[in-house]
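So that the names make sense, note that chain A is the first sequence line, chain B the second, and so on, each numbered from 1.
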Protein chains: 2
Amino acid sequence: MIDKNKGKKDFTNFLREHGQRLTNERSVVLNRILSCTGHFDPDSLYLQIRQTGLKVSRASVYRTLNLLHKSGFISIVRKTEKGTIYECVYGIKHHDHMHCNECGKVIEFYSEELEKLQEKICEKQGFKGQSHTLEIRGYCAKCKKNMK
Amino acid sequence: MIDKNKGKKDFTNFLREHGQRLTNERSVVLNRILSCTGHFDPDSLYLQIRQTGLKVSRASVYRTLNLLHKSGFISIVRKTEKGTIYECVYGIKHHDHMHCNECGKVIEFYSEELEKLQEKICEKQGFKGQSHTLEIRGYCAKCKKNMK
DNA sequence: TTGTTATTGAGACTCATTCTCAATTAATAT
DNA sequence: ATATTAATTGAGAATGAGTCTCAATAACAA
């Protein structure tokens with residue numbers, strides 16, 4: 001389970017280092033995303049927050065998401081026509097995605113071997129890898145079967 | 001070198017299969033992207049076309065880019081705040097990208113080993129991989145050195 | 001408490017992309 | 001060729017995610 005207090009502390013530290021403050025609004029957004037399982041988009045997040053009776057403006061939601069992204073609490077899964085999809089990665093093991101072109105299902109996976117190989121490839125180029133995004137598109141087991 | 005005639009033929013076939021036609025406008029856009037080396041964005045492409053004296057509306061450029069994307073002639077490199085960046089991949093060997101967070105440099109690379117490993121990972125999930133995008137972010141050799 | 005500075009919210013604004021629809025053009029049938 | 005039918009185009013309006021403005025407010029330091 002995610003330690004929300006630690007999250008709050010870590011985020012506060014990040015803000016401090018940048019001469020910024022932990023406000024109520026930021027705290028509300030942080031709490032919300034730390035409870036998120038799975039992917040989310042800014043507007044749903046905004047609506048969820050409103051539904052709980054708390055008041056944070058859309059502008060602040062966007063502003064806070066940018067901060068959370070910079071500080072590494074959340075990462076961008078993909079950008080679609082309808083906007084950006086995020087996921088919370090704080091305290092969560094890194095993973096990559098498979099995306100079914102047919103039903104839209106997203107499979108998360110992790111491979112130590114893959115990570116190692118990427119490091120090796122970076123070294124060969126003199127590149128210092130810091131993070132990466134890998135999305136494999138194709139057809140999930142179910143859709144593959146349905147297609148004959 | 002890319003065979004533009006073959007490109008035209010292949011694109012026409014794709015269109016036919018979807019009950020669509022190869023118009024002058026589409027042909028102009030196709031030609032332009034087949035001459036593109038490197039990455040490009042829709043608006044620059046539009047301006048380039050206008051500069052050569054040819055007339056294709058912005059709307060048609062966007063519409064054609066969508067078709068070229070669906071038919072696999074071009075792929076999306078990344079979506080930025082300023083819009084989508086494409087690259088022509090027709091007749092070009094698949095590759096992945098490293099992106100320097102400091103200077104913005106993009107390094108293209110290809111690893112057979114990486115491709116194989118991904119296939120293996122897909123199989124394990126019963127997933128049928130069709131394409132993928134891998135972007136490694138970090139620091140290029142030069143910037144790495146400058147940061148000491 | 002007070003002063004200083006960051007932050008907020010409402011709504012205006014931006015800008016990439018899509019949509020509208022009358023006019024045009026490609027492919028096909030006559 | 002010519003008519004018929006359906007796809008396509010262009011100009012500009014519309015859309016919509018995300019950002020910006022700025023006066024009012026809240027957080028922090030002394």
Participant: Any side-chain N or O of Thr23(A) less than 4.0 Å from the OP1 or OP2 oxygen of dT8(C)?
Facilitator: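 For Thr23(A), the contact criterion (side-chain N or O under 4.0 Å from OP1 or OP2 of dT8(C)) is met.
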
Participant: What is the distance from NZ of Lys55(A) to C1' of dG9(C), rounded to the nearest Å?
Facilitator: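 Computing the Lys55(A):NZ to dG9(C):C1' distance gives 12 Å.
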
Participant: Nearest nucleotide by nearest heavy atom, which residue falls closer to the 5' end of DNA chain C, Asn66(B) or Asn24(B)?
Facilitator: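 Closest to the 5' end, via its nearest nucleotide, is Asn66(B).
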
Participant: Before you tell me yes or no, could you show the steps for Ile92(A) and Glu87(A) under side chain to side chain contact (heavy atoms under 4.5 Å, CB included), namely the whole-Å CA-CA distance, both residues' side-chain angles and the distance that decides it to 0.1 Å?
Facilitator: CA-CA 10 Å; Ile92(A) 287 175; Glu87(A) 71 182 339; over 6 Å; no

Participant: For Phe11(A) and dT7(C), what is the distance between atoms CZ and C1' respectively, to the nearest whole Å?
Facilitator: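 Distance, rounded to whole Å: 13 Å.
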
Participant: Taking the side chain of Thr84(A) as its heavy atoms from C-beta onward, which of dG11(C), dT9(D), dG18(D) lies nearest to it?
Facilitator: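 Selected nucleotide (nearest to the side chain): dG18(D).
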
Participant: Find which nucleotide of DNA chain C each of Glu81(B) and Leu22(B) is nearest to by heavy atoms, and output the residue with the more 5' nucleotide.
Facilitator: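 Nearest-nucleotide comparison on DNA chain C picks Glu81(B).
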
Participant: Side chain of Arg63(A), base of dT19(D): donor and acceptor closer than 3.5 Å?
Facilitator: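 It does not, because no donor-acceptor pair links the side chain of Arg63(A) to the base of dT19(D) below 3.5 Å.
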
Participant: So, under a plain 3.5 Å distance rule, would you say the side chain of Arg58(B) forms a donor-acceptor pair with the base of dG12(D)?
Facilitator: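 Answer no: no donor N or O sits under 3.5 Å from an acceptor.
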
Participant: When you check the gap from the basic side-chain N to the acidic O, do Lys120(B) and Glu113(A) get nearer than 4.0 Å?
Facilitator: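 Between Glu113(A) and Lys120(B) there is a salt bridge, with a charged N closer than 4.0 Å to a carboxylate O.
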
Participant: Rounded to the Å, how far apart are His18(A) NE2 and dC28(D) P?
Facilitator: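 Answer to the nearest Å: 16 Å.
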
Participant: Check every atom of dT9(D), dA7(D), dT18(C) against the side chain of Tyr62(B) and return the nucleotide holding the closest atom.
Facilitator: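 Looking only at heavy atoms from C-beta outward on Tyr62(B), the closest nucleotide is dT18(C).
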
Participant: Just the rounded figure in Å: distance from C1' of dT14(C) to NZ of Lys82(B).
Facilitator: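 After rounding, the gap between these two atoms is 12 Å.
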
Participant: Check for a donor-acceptor pair, side chain of Lys4(B) on one end and backbone N or O of Leu34(B) on the other, with a separation under 3.5 Å.
Facilitator: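 Answer holds: no.
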
Participant: The side chain of Arg21(B) lies closest to which of these nucleotides: dG10(D), dT8(D), dG9(C)?
Facilitator: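 Nearest to the side-chain atoms of Arg21(B), counting from C-beta on, is dT8(D).
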
Participant: Is there a donor-acceptor pair closer than 3.5 Å between any side-chain N or O of Arg137(B) and the backbone N or O of Gln130(A)?
Facilitator: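 Pair absent, no side-chain N/O of Arg137(B) close to backbone of Gln130(A).
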
Participant: Establish, with yes or no, whether the OP1 or OP2 oxygen of dT9(D) is under 4.0 angstrom from a side-chain nitrogen or oxygen of Arg26(B).
Facilitator: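 The answer is yes; a side-chain N or O of Arg26(B) sits under 4.0 Å from OP1 or OP2.
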
Participant: Report the distance from atom CG of Leu15(B) to atom P of dA27(C), rounded to the nearest whole Å.
Facilitator: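 Distance check: Leu15(B) CG to dA27(C) P gives 10 Å.
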
Participant: Starting the side chain at C-beta, find the nucleotide from dA27(D), dA10(C), dG18(D) nearest to Ala59(A).
Facilitator: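 Nearest to the side chain of Ala59(A) among the choices is dA10(C).
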
Participant: Closest to the Ser60(A) side chain: dA26(C), dG11(C), dT8(C)?
Facilitator: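 Within the option list, the nearest is dT8(C).
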
Participant: State which of dA7(D), dT7(C), dG9(C) makes the closest approach to the side chain of Glu25(A).
Facilitator: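 Of all the options, the side chain of Glu25(A) is nearest to dG9(C).
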
Participant: Could you check how far OH of Tyr46(A) sits from P of dT8(C), rounded to whole Å?
Facilitator: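 To the nearest whole Å, that distance equals 14 Å.
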
Participant: Rounded to whole Å, please give me the gap between NZ in Lys79(A) and C1' in dA16(C).
Facilitator: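 The answer, rounded to whole Å, is 12 Å.
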
Participant: Can you measure Leu65(B) atom CG to dT18(C) atom P for me and round it to whole angstrom units?
Facilitator: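 It works out to 9 Å between those atoms.
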
Participant: Contact between Thr23(A) and Ser60(A) at the side-chain level, heavy atoms closer than 4.5 Å - yes or no?
Facilitator: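 Contact flag for Thr23(A)/Ser60(A) side chains = no.
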
